[in-house]
Amino acid sequence: TVTLPDGAILAVASGGDINVASGGEIDIASGATLDVNGTIDVTGATVTGLTTGSLVKLLSTTISGAVAAIAFNSTYVTATYSKYMLTWEGMTPSTDGHSLAIALSVDNGVSFPTHVGAFVYNQINGSASFGINGNLAYYPANTDIDDSAAAGGASGYAYIYNTTSTSQNKYITGMGAHTNVTVANSYGFSSYGKVSTTSAINYIKLYEPEAAGNFSAGKATLYGVET
């Protein structure tokens, strides 16, 4: 056991190592500092009392060919987290004007409970028009996306709440931006959704709500949110 008393500093220079055998400990007292100029590898170890940030990256998927959806199944959507953050970058539909939606499932994607969603949009350029659309049968992340590579696809994020609850409905909130099918106008989105189920969620997917829709490019990442 290595113990750092209050006020002490243990500095590890670049290329240096601290090796702790199985059963050993590094005990850092309140007020002490562990200063690492490099990487801490805690593979197989138990770390307690360490603030590591609120987001834990679970999986990142990059599209390499036409796909109908990016899904995160029960391997990644578990009882460990009751809140998730989903991000997407450059999600480009194969068909001009198609949209991007989020769906949740309680049986690993076999079926989907009732979803309802709404969004507020603001034109970023030009006349800066705005509007609202609601009572959609899905969570609308982005709509009417330009399919050209130069347009950059749709990017954004969403928070998914109450995923482990067996007594509450689930909610989704988020924001996004993309270029419209006209190529001339770009829009920002604020989106909201409700998923009517009191069962725990174990599956999250990004997909096109239009029939036979595919994505030709893009990347999506799922994070667990520590609370």
*Are Val225 and Tyr203 joined in one hydrophobic group, where the rule is that I, L, V, M, F, W and Y side chains link up if heavy atoms are under 4.5 Å apart?*
no
_Residue pair Leu55, Met85: steps toward the side-chain contact (heavy atoms from CB on, under 4.5 Å) verdict_ = CA-CA 8 Å; Leu55 296 179; Met85 185 175 82; 3.6 Å; yes
*Tell me, which pairs form a ring pair (Phe, Tyr, Trp, His ring centres under 6.0 Å) where one or both residues lie in residues 118-150, sequence neighbours left out?*
Phe119-Phe189, Tyr121-Tyr187
_Under 3.5 Å donor-acceptor, Ser216 side chain and Ala66 backbone_ = no
_For the backbone of Thr197 and the side chain of Asn169, can you confirm whether one donor and one acceptor N or O come within less than 3.5 Å of each other?_
yes
_Pair Val195-Thr114, side-chain contact (heavy atoms from CB on, under 4.5 Å): steps then yes or no_ = CA-CA 6 Å; Val195 183; Thr114 299; over 6 Å; no
*Keeping the roles fixed (side chain from Ser165, backbone from Gln168), state whether a donor-acceptor pair exists under 3.5 Å.*
yes
*asked:* Measuring from atom CG of Leu59 to atom OG1 of Thr75, what distance do you get when rounded to the nearest 0.5 angstrom?
replied: 9.5 Å
*Indicate, with yes or no, if Tyr171 and Val116 share a hydrophobic cluster defined by side-chain heavy-atom contacts under 4.5 Å among Ile, Leu, Val, Met, Phe, Trp and Tyr.*
no
*Give the other cluster members for Val120, using side-chain heavy-atom distances under 4.5 Å between Ile, Leu, Val, Met, Phe, Trp and Tyr residues; answer none if it is isolated.*
Ile132, Tyr192
*Taking Glu208 for the side chain and Glu210 for the main chain, is one N or O donor matched with an acceptor at less than 3.5 Å?*
no
*Heavy-atom check, side chain of Pro209 versus side chain of Ser99, under 4.5 Å*: yes
_Cluster link Phe112 to Tyr207, ILVMFWY, side chain under 4.5 Å_ = no
*Between the side chains of Tyr161 and Thr173, is a donor N or O closer than 3.5 angstrom to an acceptor N or O?*
yes
*asked:* Give me the atom names and distance for the closest heavy-atom approach of Ala200 to Thr164.
replied: CB-O, 3.9 Å
*To the nearest 0.5 Å, what is the distance between CD1 (Ile160) and OH (Tyr84)?*
9.0 Å
*Side-chain donor/acceptor of Asn180 to backbone N/O of Asn185, under 3.5 Å*: no
*Rounded to the nearest 0.5 Å, what's the gap from CE on Met175 to OG on Ser190? Could you check?*
4.0 Å
*Output, in order, the C-alpha distance, side-chain angles, deciding distance and verdict of side chain to side chain donor-acceptor pair (under 3.5 Å) for Thr179 and Ser186.*
CA-CA 4 Å; Thr179 296; Ser186 297; 3.2 Å; yes
*If Ile, Leu, Val, Met, Phe, Trp and Tyr residues are connected whenever their side-chain heavy atoms lie under 4.5 Å apart, and connections chain through other members, are Val106 and Tyr76 in the same group?*
yes
*asked:* Testing the 3.5 Å rule here: is there a donor-acceptor pair between the side chains of Gln123 and Ser129?
replied: yes
*Can you get from Ile124 to Val181 by hopping between Ile, Leu, Val, Met, Phe, Trp and Tyr side chains that sit under 4.5 Å apart?*
no
*Heavy atoms only: give me the nearest Ser111-Ser105 pair and the separation to one decimal.*
O-OG, 2.7 Å
*Would you find a donor on one side and an acceptor on the other, under 3.5 Å apart, between the side chain of Asn142 and the backbone of Leu100?*
no
*Given side chains that start at C-beta, do those of Tyr157 and Leu86 come closer than 4.5 Å, heavy atoms only?*
no
*About how many Å separate CG of Asp107 and OG of Ser199, when rounded to the nearest 0.5 Å?*
9.0 Å
*Mind listing the closest non-hydrogen atom pair of Lys170 and Thr163 along with its distance?*
CE-O, 4.0 Å
*Is Asn108 close to Asn202 at the side-chain level, that is, under 4.5 Å between some pair of heavy atoms?*
yes
_If you apply the rule side-chain contact (heavy atoms from CB on, under 4.5 Å), what do you find for Ile145 with Thr92, and how did you get there?_
CA-CA 7 Å; Ile145 306 166; Thr92 304; 5.9 Å; no
_Lys/Arg cation over aromatic Tyr159: Lys83, 6.0 Å, 45° cone_ = yes
*Decide if atom CG of Asn125 counts as having more than 12 heavy atoms of other residues, nucleotides or ligands within a radius under 6.0 Å.*
yes
*For residues Ala118 and Gly134, report the shortest heavy-atom separation together with the two atoms involved.*
CB-CA, 3.6 Å
*Considering only heavy atoms from C-beta outward, does the side chain of Leu104 approach that of Ile172 to under 4.5 Å?*
yes
*Closest approach of Ser60 to Thr221 (non-hydrogen atoms, all atoms of both residues)*: OG-OG1, 2.9 Å
*Side-chain donor or acceptor of His178 paired with backbone N/O of Thr143 under 3.5 Å*: yes
*asked:* Tell me whether Asn214 contacts the main-chain N or O of Ala68 through its side chain, where contact means a donor paired with an acceptor under 3.5 Å.
replied: yes
_I need the Ile204 CD1 to Ser74 OG distance, nearest 0.5 Å._
11.5 Å
*Rounded distance [0.5 Å steps], CG in Leu58 versus OG1 in Thr80*: 8.5 Å
*asked:* Using a 3.5 Å distance criterion without hydrogens, assess whether the side chain of Asp146 forms a donor-acceptor pair with backbone atoms of Ala151.
replied: no
*asked:* Testing the basics here: between Lys219 and Met91, what is the closest heavy-atom pair and its distance to 0.1 Å?
replied: N-SD, 3.7 Å
*Decide yes or no for Trp88 and Ile102: does some side-chain heavy atom of the first lie under 4.5 Å from some side-chain heavy atom of the second?*
yes
